Novice: 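Sending over a structure as structure tokens; questions will come in a sec.
Only heavy atoms go into these numbers, but all of them, side chains included; no hydrogens, no water, no symmetry mates. Chain identifiers are assigned alphabetically (A, B, ...) following the order of the sequence lines, protein sequences preceding nucleic acid strands; residue numbering begins at 1 within each chain. These numbers come from a predicted model, not from an experiment.
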Number of protein chains: 2
Amino acid sequence: MSPSPPQLSPKELSAYFAFTEVSSLLRHSVEKQLKDAGQLSYVQFQLLARLGDAPGGSQRMTDLADGVVYSRSGLTYQVQLLEQRGLVTRAPSPEDERSTIATITDDGRGVLATVFPGHIATVKDLLFDSLTADDIEGLERVLTQVSAHLRANPPRSAGSRKKS
Amino acid sequence: MSPSPPQLSPKELSAYFAFTEVSSLLRHSVEKQLKDAGQLSYVQFQLLARLGDAPGGSQRMTDLADGVVYSRSGLTYQVQLLEQRGLVTRAPSPEDERSTIATITDDGRGVLATVFPGHIATVKDLLFDSLTADDIEGLERVLTQVSAHLRANPPRSAGSRKKS
DNA sequence: TATTGTTATACTCTATAACTATA
DNA sequence: TATAGTTATAGAGTATAACAATA
């Protein structure tokens, strides 16, 4: 289980600390903005945004769950909340009756439109304001690569069904 | 309240998406590791790590709360859990009787030592494994700058106590 | 009066396991 | 049998407001 403890270089350590700090503060501010502007939790916003981008404003529950890295019960819960507010509808898939298709409503798009400008402004202010165009390009390149790396190496023991 | 909605360039948008994705997946994996290896929540780990680094292994509650971006009640809750497990002690400050000083115990350092290698390994695997030394250096520089920017511009309405 | 910290409380979120139904 | 989703439940975490004690 613990062969030989790897180390982080000073740069890596510093980068990691900075990353966690930026992540935490940015998340905090974004959540506050979403709640203030549209009564949305971060997850709900992500779900609406994904549905808004999807063709027809629809996606299968499972696909939604994959995108947001959620347990399916958690997704059901959040989508229920959105449905109660009339921002989303649910219906069984015509192709596969086991599947549920979630679809964003006009009201849902309305909330999204209400929330979006402030969301963008927050991100721009907090994340990009102090950076040059080159910095941003580099950040984009590196983070995209890490993201791909993470998607390629999903957490080994995280989603395991049975095991022990 | 909505003067002129700013926009994100394609690069910025892509960087932001990648950032949130990396942040979410990394956090997920780290939390799982900390829980598996030492029964620690992420916040508890942060608290122990800060105390472990602090001179004498001690810090005031308020200073701890500042570092972790927490409500003070939330901090009290987490420190209570750590104290119940004997990983931390609390005592009133000699200088200012209003203050409480939290101090990490030997057991606390033990848990920290148990958890640390796996924590480092997780971060290295997930965050740095796919990057070159130059990438890491650039990432460190940019994120450190953003972090400083965020610290300089604290969320306006977030932590305000008394207000008007 | 202002600051430090705790408590009481209420709420949100999340995951696990059991369950239904379709394939 | 395997997959998609829901439900029931239980627990962890968080914030707000009221409170006590000290400065």
Side-chain angles (χ1 to χ4, degrees), chain A residues 24 27-29 31-32 34-36 39-47 58-85 88-103 155 157-164, chain B residues 24 27-28 31-32 34-36 39-47 58-66 68-85 88-103 155 157-164:
Chain A
S24 162
R27 176 73 170 255
H28 224 253
S29 296
E31 285 187 344
K32 172 160 178 49
L34 291 174
K35 190 174 177 189
D36 290 350
Q39 316 254 58
L40 293 178
S41 73
Y42 186 67
V43 184
Q44 287 166 6
F45 171 71
Q46 284 186 301
L47 295 175
S58 298
Q59 263 200 302
R60 284 176 52 210
M61 293 292 281
T62 292
D63 297 333
L64 273 178
D66 283 355
V68 188
V69 190
Y70 249 45
S71 68
R72 288 189 297 185
S73 65
L75 180 66
T76 296
Y77 170 74
Q78 294 290 348
V79 172
Q80 268 175 351
L81 294 184
L82 291 175
E83 191 179 36
Q84 284 165 18
R85 287 177 58 188
V88 153
T89 59
R90 278 186 293 182
S93 164
E95 305 166 357
D96 185 338
E97 293 263 328
R98 292 173 303 181
S99 296
T100 297
I101 303 285
T103 305
S157 38
S160 235
R161 197 71 88 110
K162 51 205 310 168
K163 187 41 201 60
S164 89
Chain B
S24 161
R27 177 73 169 254
H28 224 255
E31 284 186 344
K32 173 161 178 47
L34 291 174
K35 191 174 177 189
D36 289 351
Q39 316 256 57
L40 293 177
S41 72
Y42 186 66
V43 184
Q44 288 165 5
F45 171 71
Q46 284 186 302
L47 294 175
S58 298
Q59 262 201 301
R60 283 176 54 211
M61 293 292 282
T62 293
D63 297 333
L64 274 177
D66 283 355
V68 188
V69 190
Y70 249 45
S71 68
R72 288 190 296 181
S73 65
L75 179 66
T76 295
Y77 171 73
Q78 294 290 349
V79 171
Q80 268 174 351
L81 294 183
L82 291 175
E83 191 180 36
Q84 283 165 18
R85 288 178 59 189
V88 153
T89 59
R90 277 187 293 182
S93 164
E95 305 166 358
D96 185 338
E97 291 265 328
R98 291 173 303 182
S99 297
T100 297
I101 304 284
T103 305
S157 39
S160 234
R161 177 85 84 139
K162 41 339 188 74
K163 215 330 234 85
S164 54

Novice: Output the single nucleotide from D:dG13, C:dT14, C:dT6 whose closest atom is nearest the side chain of B:R90.
Specialist: C:dT6
Novice: I'd like to check A:L75 versus A:V43 (side-chain heavy atoms, cut-off strictly below 4.5 Å). Are they in contact?
Specialist: no
Novice: Quick one, A:T76 and A:R90 - any side-chain contact, counting heavy atoms below 4.5 Å?
Specialist: yes
Novice: Phosphate oxygens OP1/OP2 of C:dC13: is one of them under 4.0 Å from a side-chain N or O of A:S41?
Specialist: yes
Novice: Does B:S71 reach a base, just sugar-phosphate, or nothing at all? Heavy atoms under 4.0 Å.
Specialist: base
Novice: Just how far, in rounded Å, is P of C:dA17 from CZ of A:R72?
Specialist: 14 Å
Novice: So if I take every side-chain heavy atom of A:T76 and compare against D:dT7, C:dT3, C:dC13, which nucleotide ends up nearest?
Specialist: D:dT7
Novice: Whether the side chain of A:S73 and the base of C:dT16 hold a donor-acceptor pair under 3.5 Å is what I'd like checked.
Specialist: yes
Novice: Measure the distance from CG on B:L81 to C1' on C:dT6 and round it to the nearest whole Å.
Specialist: 14 Å
Novice: From the list D:dA15, C:dC13, D:dT14, which nucleotide is the closest neighbour of the side chain of A:H28?
Specialist: D:dA15
Novice: Provide, to the nearest angstrom, the distance between the CZ atom belonging to A:R85 and the P atom belonging to C:dT12.
Specialist: 12 Å
Novice: Taking only side-chain nitrogens and oxygens of B:R60, does any of them come within less than 4.0 Å of OP1 or OP2 of C:dT4?
Specialist: yes
Novice: Counting heavy atoms from C-beta on, name the nucleotide in C:dT4, D:dT14, C:dT22 closest to the side chain of A:R98.
Specialist: C:dT22
Novice: To the nearest Å, give me how far apart CD (B:Q59) and C1' (C:dT4) are.
Specialist: 15 Å
Novice: Starting at the 5' end of DNA chain D and moving along, which residue's nearest nucleotide shows up first, A:Q80 or A:D96?
Specialist: A:D96
Novice: To the nearest Å, how far apart are A:K32 NZ and C:dT12 C1'?
Specialist: 16 Å
Novice: Figure out the OH/C1' separation between B:Y77 and C:dA10, and round it to whole Å.
Specialist: 14 Å
Novice: When you measure from the side-chain N and O atoms of A:Q78 to the phosphate of C:dT12, is any distance below 4.0 Å, counting only OP1 and OP2?
Specialist: no
Novice: Measure from CD on A:Q44 to P on C:dT12 and round the result to the nearest Å.
Specialist: 10 Å
Novice: Is any side-chain heavy atom of A:Q44 closer than 4.5 Å to one of A:R85?
Specialist: yes
Novice: In the structure I gave you, are the side-chain heavy atoms of B:I101 and B:E95 within less than 4.5 Å of one another anywhere?
Specialist: no
Novice: B:R27 versus B:E31: any side-chain heavy-atom pair under 4.5 Å?
Specialist: yes
Novice: On DNA chain C, nearest-nucleotide positions of A:L40 versus A:E95: which is more 5'?
Specialist: A:L40
Novice: Among the candidates D:dT22, D:dT6, C:dT7, find the nucleotide nearest to the side-chain atoms of A:M61.
Specialist: D:dT6
Novice: With the side chain counted from C-beta on, respond yes when A:Q84 and A:L81 share a heavy-atom pair under 4.5 Å apart, and no when they do not.
Specialist: yes
Novice: Of the listed nucleotides (D:dT6, D:dT22, D:dG13), which one gets closest to any side-chain atom of B:Y70?
Specialist: D:dG13
Novice: Report the distance from atom NZ of A:K35 to atom P of D:dT14, rounded to the nearest whole Å.
Specialist: 14 Å
